[in-house]
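Worksheet: the structure to be examined is printed underneath.
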2 protein chains.
Amino acid sequence: MTKVKLDDIDVQILDHLQSDGRMTNVDLARKVGISAPPCLRRVRALEESGYIKGYHAEVDAEALGFEVTVFAMVGLASQAESDLVAFEERVRNMPLVRECWMLNGEIDFILKIVARDLAEFQGFLTRELTPAPNVASVKTSFTIRNGKHAPGVPFGLPPRPARAR
Amino acid sequence: MTKVKLDDIDVQILDHLQSDGRMTNVDLARKVGISAPPCLRRVRALEESGYIKGYHAEVDAEALGFEVTVFAMVGLASQAESDLVAFEERVRNMPLVRECWMLNGEIDFILKIVARDLAEFQGFLTRELTPAPNVASVKTSFTIRNGKHAPGVPFGLPPRPARAR
DNA sequence: ATTGAAATAAAAGACTA
DNA sequence: TAGTCTTTTATTTCAAT
């Protein structure tokens, strides 16, 4: 099911779809230099093998009334694997938590939280996140503004930065 | 150009496209309960007014060989607005920096950095980020794994959590 | 595995209500 | 502003190389 290796065209397809997920297949095919049918087959294969996990419209949070974005650093009392998994499962059911990453070092998790306003965020923090089982510490940092929001991964780098030339 | 107010159908459209950005207009129209042409007109209006900023394929970073995701907390020497903007402009030209948020408090910026491997990240950190003008401090936290990655904003919440009922 | 052509389906536009 | 009809364009399948 999973393709063994991606060739250069596959990577170009991923790069283009990462930038413009609604590009038509004929445009995509033209840009990567093959005809439409094989291009579509490659896209389907990339989807089925999991290299493409989904497609999403990027919305303007502020314009839609979500004016509060906060990063929360969460420390847990127990770092047993089952407790880490339980915490992840819990945040998966918290709509305001948009991203959750497990970190090394002192802090156990970093969460990206999006709320309509300060009241909504405060209610979430004091009634849902802080009182959650096993949560030992929560430190929050409010975002002032977003300076860059690039999707996904940095294709188009030198695969290995040449060390000496 | 910008629509004055979004009605319930517009919000449903945004919610659906945020979850599945390649849904066909016919499917979308059916799900929100209107016919295809007005649905497409709404989508175009949402795009042109900036509520929809773009569409992106979500790719599997690890499967594609990007095994290092790091959050970096960056403090600047000068927080004059022109210097803040200059830093944002600089990270916009760093492909490994995928997101940049300005924060309140001690730390000035949080960056999400994606690299293929530790060597690539270390090279970036020591040769590009730390030596950049005005950078006073950089603290990095490596991610162990991703527990949740939801796109965009939490539609489908009670618009105001009822305070008493 | 790609191409080129045919069939199907969706998107875009004109018009009506 | 929504809906119906029509045209255009894209997607998908299939035969052939």
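Note: hydrogens, waters and symmetry copies are ignored here, and every other heavy atom, side chains too, is used. No experiment lies behind these values; they were computed from the predicted model shown. Proteins get letters first, then strands, A, B, ... in listed order; numbering begins at 1 in each.
- Legend: side-chain hydrogen bond (donor to acceptor under 3.5 Å, both in side chains) pairs involving residues 21-39 of chain B, not counting sequence neighbours: none detected.
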For residues 102-110 of chain B, run the donor-acceptor check on the side chains, cut-off 3.5 Å, and write out each pair with its distance to 0.1 Å, sequence neighbours left out.
from	atom 1	to	atom 2	distance (Å)
B:N104	OD1	A:F142	N	3.3
B:D108	OD1	B:Q79	NE2	3.3
B:D108	OD2	B:L76	N	2.7
B:D108	OD2	B:Q79	NE2	2.9

Pair up each side-chain donor or acceptor in residues 60-68 of chain B with any protein partner under 3.5 Å, not counting sequence neighbours, and list the distances.
from	atom 1	to	atom 2	distance (Å)
B:D60	OD1	B:E62	N	3.2
B:D60	OD1	B:A63	N	3.0

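- With sequence neighbours left out, A:H16 forms a side-chain hydrogen bond (donor to acceptor under 3.5 Å, both in side chains) with no residue at all.
- Using a 4.5 Å cut-off between side-chain heavy atoms of Ile, Leu, Val, Met, Phe, Trp and Tyr, A:L40 forms no hydrophobic cluster with any other residue.
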Once each nucleotide of nucleotides 4-17 of chain C is scored for protein heavy atoms under 4.0 Å, what B/S/- sequence comes out, 5' to 3'?
BB----SSBB----
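- Note on A:R42: every side-chain N or O is 4.0 Å or more away from OP1 and OP2 of C:dA1.
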Under 3.5 Å, sequence neighbours excluded: what are the donor-acceptor pairs made by side chains of residues 86-93 of chain A?
from	atom 1	to	atom 2	distance (Å)
A:E88	OE1	B:R145	NE	3.3
A:E88	OE1	B:R145	NH2	3.0
A:E88	OE2	B:R145	NE	3.0
A:E89	OE1	A:R92	NH1	2.6
A:R92	NE	B:G147	O	3.0
A:R92	NH2	B:G147	O	3.4
A:N93	ND2	A:E89	O	3.3

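- Paired with A:F121 under the rule side chain to side chain contact (heavy atoms under 4.5 Å, CB included), one option of A:T140, A:V114, A:L96 passes, and it is A:T140.
- Taking the screw axis at each terminus of the helix from C:dA1-D:dT17 to C:dA17-D:dT1 from five consecutive base pairs, the angle between the two is 20° to within rounding of 10 degrees.
- B:I13 has its CD1 atom 12 Å from the P atom of D:dT1, to the nearest Å.
- Side-chain contacts under 4.5 Å among hydrophobic residues (ILVMFWY), followed directly or transitively, place B:V26 with no other residue at all.
- We find that CG of B:D8 is positioned 16 Å from P of D:dT1, with the value rounded to whole Å.
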